[in-house]
Amino acid sequence: MTPRARAHSHGHTRREALVELGLGAAALMLAGCGAGSSGSAFARNGSTLASTYVDPRGDGVLQAGPGVQLIDRTELAPRVGVGAVRATIAHLTDVHVMDAQSPARVPFLRRLGSPFNSTFRPQEALTAQVLAGAVRAIDLLAPDAVIQGGDLIDNAQANELAQALALLHGGPVDPNSGGPGYTGVQSAQDPDPLYYRPDIDAPQHPGLLERATARFTTSGLHAPWYPVLGDHDLLVQGVLAPSVLTEAIALGSRAVWDLPLNLHPPRGFSAANTGTATGSPDGLSDPERIGALIEQLQDAPSVAVEADATRRELSAAEAIAALRSASGSGGDGPLMSYSFDIGTRVRVIVLDLVRREGGSGGIVHEGLEAWLAGELARAGGRWVLVVSHQPLTSTEGAERLLALLDRNPRVVAAIWGHTHRNRIVPRQSPAGGYWLIATGSLIDYPQQLRAIRLRDASGGGCVLETWMLDHVPDGGGIGDIARELSYIDVQGGRPQGFAGGPLDRNVRLYRRPPGT
């Protein structure tokens with residue numbers, strides 16, 4: 001590829017760019033050895049009860065550390081004896097399977113800083129291998145059900161969804177798009193120091209992009225899985241409804257890799273809740289202003305790339321139909337709100353809060369409150385888990401839904417993703433309270449999913465035992481490299497605290513018996 005002229009008025013020196021990506025000089029030399037270079041063994045099943053990833057020297061190199069046992073949390077009920085297991089669930093969310101070579105991507109916006117930080121990640125070409133490792137961890141857990149918590153894909157493209165479903169089902173997977181091999185901003189021939197290029201930048205991983213785009217085979221999930229709809233599953237960059245313009249960009253042969261000289265965020269642009277405990281680090285607040293920003297790219301200098309018809313953008317109806325067909329679940333109608341039972345003692349209620357018109361934040365659709373009230377009534381004597389993608393605590397109109405949960409004595413937890421961070425807080429209510437559980441993402445550090453086990457408790461209550469699972473890489477080690485890069489990425493989970501504290505990860509959550 002011919003090197004392109006750079007807009008130096010926006011530019012960084014290589015040293016500035018590497019510092020921006022969080023790659024200090026000492027960390028770079030050591031991180032090149034790869035994760036776990038101490039030779040210590042990690043848990044083969046990914047369970048953090050058995051081992052954890054630690055950085056004992058603070059140099060960016062992850063090594064095997066001791067496991068973390070469950071911590072009792074008694075804010076809602078006292079500690080009591082635990083009994084039979086009623087359900088074991090894996091909560092896998094915010095995978096963001098990504099076509100990192102798509103011309104519909106806008107990596108150059110990273111130069112504008114927050115809230116555009118996540119438009120480029122050094123590990124973004126490795127999402128398929130990370131999901132494959134998460135599937136291996138789930139199969140070793142052998143849960144009763146897998147909840148795929150939304151944002152399975154990144155940019156509402158058909159090839160992203162096809163790839164993600166192949167990873168969940170098992171069989172051959174092709175992570176490549178466009179022409180043969182990798183063509184994108186991480187190519188060694190790209191002179192822009194903003195982007196991490198594994199062939200030449202530290203930590204060096206020569207040939208990584210070729211390996212990342214090569215076909216491979218997976219065994220798929222062994223347990224039934226249940227989809228939750230996320231904003232990135234339906235919206236371009238998780239914020240903009242697909243349009244004639246965005247479809248033309250995705251299917252086209254011109255990609256913008258440089259920040260155009262005169263491109264600026266529209267007047268009045270706001271990051272809103274981006275990066276907060278209830279907002280998404282890769283969700284932008286205003287679809288109209290983001291659309292205006294994309295329109296400015298029509299005359300921007302571009303790079304010729306090979307077009308790919310599989311990059312077409314999905315309508316909401318197409319995406320929902322594909323998820324329902326692949327999973328065998330998901331209800332019916334235009335919204336993906338539905339319920340399912342695990343055994344005779346547990347009901348899971350799934351809520352669709354995605355804005356079809358655009359915007360990353362959740363919204364309560366017409367009729368959802370009445371539908372939820374009916375589902376809660378039909379749950380009878382079962383324990384209830386309510387699952388959404390966006391947090392109920394920040395979703396427009398969700399105070400009505402929370403009021404329903406507050407009055408129900410069988411609700412144990414409301415579970416979501418979207419925020420890319422692990423967090424667990426108690427919610428007090430007249431009916432006994434319940435737990436608000438947020439699970440981090442597979443795209444940002446710590447790249448984990450959550451195991452949830454519901455057990456009987458002495459006296460008629462229940463206990464949720466939950467702990468984090470690391471994805472389990474195959475022999476090729478690409479998953480380990482993805483974890484390493486996410487750890488040293490300045491906009492990701494380590495500096496932003498997405499891993500949460502000890503009380504947000506491996507804990508035992510007590511719930512009183514109904515009526516007490």
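One is the number of the first residue; the rest follow in order along the sequence. What's counted below: heavy atoms across the whole structure, side chains too, no hydrogens, waters or symmetry copies.
In summary, the aromatic rings of H418 and H232 are positioned with their centroids too far apart to meet the 6.0 Å limit. For F498 and Y445, the distance between ring centers is not under 6.0 angstrom.
Residue A125 comes nearest to L209 through the heavy atom pair CB-CD2, 4.0 Å, listed as atom of the first residue, atom of the second, then distance. Nearest heavy atom pair, residue L229 against residue H389, reads O-CB, 3.3 Å. Q123 and I443 make their closest contact through NE2-O, 2.9 Å (heavy atoms, listed as atom of the first residue, atom of the second, distance). Across all non-hydrogen atoms, the minimal contact from E124 to A100 is O-CB, 4.0 Å. The two residues L351 and V228 have their closest heavy-atom pair at O-CG1, 4.2 Å. Nearest heavy atom pair, residue D470 against residue A137, reads O-CB, 3.5 Å.
Atoms CG and OG, on D231 and S360 in that order, are 5.5 Å from each other to the nearest 0.5 Å. Atom CZ in R427 sits 14.5 Å away from atom CD1 in I437 (nearest 0.5 Å). In this structure, CG on L62 lies 9.0 Å from CG on D480, to the nearest 0.5 angstrom. Once rounded to the nearest 0.5 Å, the distance linking OG of S102 with CG of N159 reads 7.0 Å. Going from atom CD1 of I147 over to atom CD1 of I89 covers 4.5 Å, rounded to the nearest 0.5 Å. The CG atom of L385 sits 7.0 Å away from atom CD1 of I342, with the distance rounded to the nearest 0.5 Å.
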Worksheet entry | Verdict with supporting geometry, T88 and I452, side chain to side chain contact (heavy atoms under 4.5 Å, CB included) | CA-CA 6 Å; T88 301; I452 300 172; over 6 Å; no

Worksheet item: Does the side chain to side chain contact (heavy atoms under 4.5 Å, CB included) test come out yes or no for R105 and D154, once each step is laid out?
Response: CA-CA 10 Å; R105 301 207 60 74; D154 189 70; 2.7 Å; yes

Item to complete: Please lay out, stage by stage, how D174 and R215 fare under the test salt bridge (charged side-chain N to carboxylate O under 4.0 Å, His left out).
Response: CA-CA 5 Å; D174 185 1; R215 292 179 176 88; 3.3 Å; yes

Discussion item. If you apply the rule side chain to side chain contact (heavy atoms under 4.5 Å, CB included), what do you find for I424 with R450, and how did you get there?
Written reply: CA-CA 12 Å; I424 301 176; R450 187 182 291 278; 3.5 Å; yes

Item to complete: Could you walk me through whether N155 and Q237 pass side chain to side chain donor-acceptor pair (under 3.5 Å), step by step?
Response: CA-CA 5 Å; N155 212 28; Q237 299 294 315; 3.2 Å; yes

Worksheet item: So N422 and Q448, side chain to side chain contact (heavy atoms under 4.5 Å, CB included) or not? Walk me through it.
Response: CA-CA 9 Å; N422 296 319; Q448 292 174 330; 3.8 Å; yes

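For S187 (side chain) and Q189 (main-chain N/O), no donor-acceptor pair under 3.5 Å exists by modelled atom type. Between the T52 side chain and the T48 main chain, no donor and acceptor come within less than 3.5 Å of each other. Using a distance-only test at 3.5 Å, with no hydrogens or angles considered, no donor-acceptor pair links the side chain of E465 to the main chain of L70. Side-chain atoms of Q129 never come within 3.5 Å of backbone atoms of I478 as a donor-acceptor pair (strictly under, hydrogens ignored). In this structure, D99 contributes its side chain and E160 its backbone to no donor-acceptor pair below 3.5 Å. Formation of a donor-acceptor pair under 3.5 Å by the Y195 side chain with backbone atoms of F108 is found in this model. Panel note: side chain R505, backbone G500; a donor-acceptor pair is recorded below 3.5 Å. Listed for the R254 side chain is no donor-acceptor partner under 3.5 Å among the backbone atoms of V305. The backbone N or O of V350 sits nowhere less than 3.5 Å from a side-chain atom of Y226 that would complete a donor-acceptor pair. Within the 3.5 Å criterion, the main-chain N or O of C462 finds no donor-acceptor partner in the side chain of R511.
Taking 4.5 Å as the limit, every side-chain heavy atom of L141 sits out of range of all side-chain heavy atoms of N45. T246 places a side-chain heavy atom less than 4.5 Å from the side chain of L240. Considering only heavy atoms from C-beta on, D489 comes within 4.5 Å of P122 through its side chain. Looking at T466 and H91, their side chains never come closer than 4.5 Å, going by heavy atoms from C-beta outward. Counting heavy atoms from C-beta outward, L469 and L140 have side chains that stay 4.5 Å or more apart. At a threshold of 4.5 Å between non-hydrogen side-chain atoms, the residues F216 and P172 do not count as touching. Using a 4.5 Å cut-off on side-chain heavy atoms (C-beta onward), R136 and H471 make no contact. Between T93 and D151 there is no side-chain heavy-atom pair separated by less than 4.5 Å.
Here D444 pairs with R121 in a salt bridge; the nearest charged N to carboxylate O distance falls below 4.0 Å. Using a cut-off of 4.0 Å between Lys/Arg side-chain N and Asp/Glu carboxylate O, R79 and D72 are scored as salt-bridged. No salt bridge links R110 with D192; every basic N to acidic carboxylate O contact stays at or beyond 4.0 Å. Between D190 and R197 there is no salt bridge, since no side-chain N of the basic residue sits under 4.0 Å from a carboxylate O of the acidic one.
In this structure, R483 satisfies the cation-pi test against Y53, with its NZ or CZ atom closer than 6.0 Å to the six-membered ring centre and inside 45 degrees of the ring normal.
When each of R211, M98, Q163 is checked for a side-chain contact (heavy atoms from CB on, under 4.5 Å) with P175, only Q163 meets the rule. Among D308, T183, N176, T213, the single residue meeting the side-chain hydrogen bond (donor to acceptor under 3.5 Å, both in side chains) criterion with Q101 is N176.
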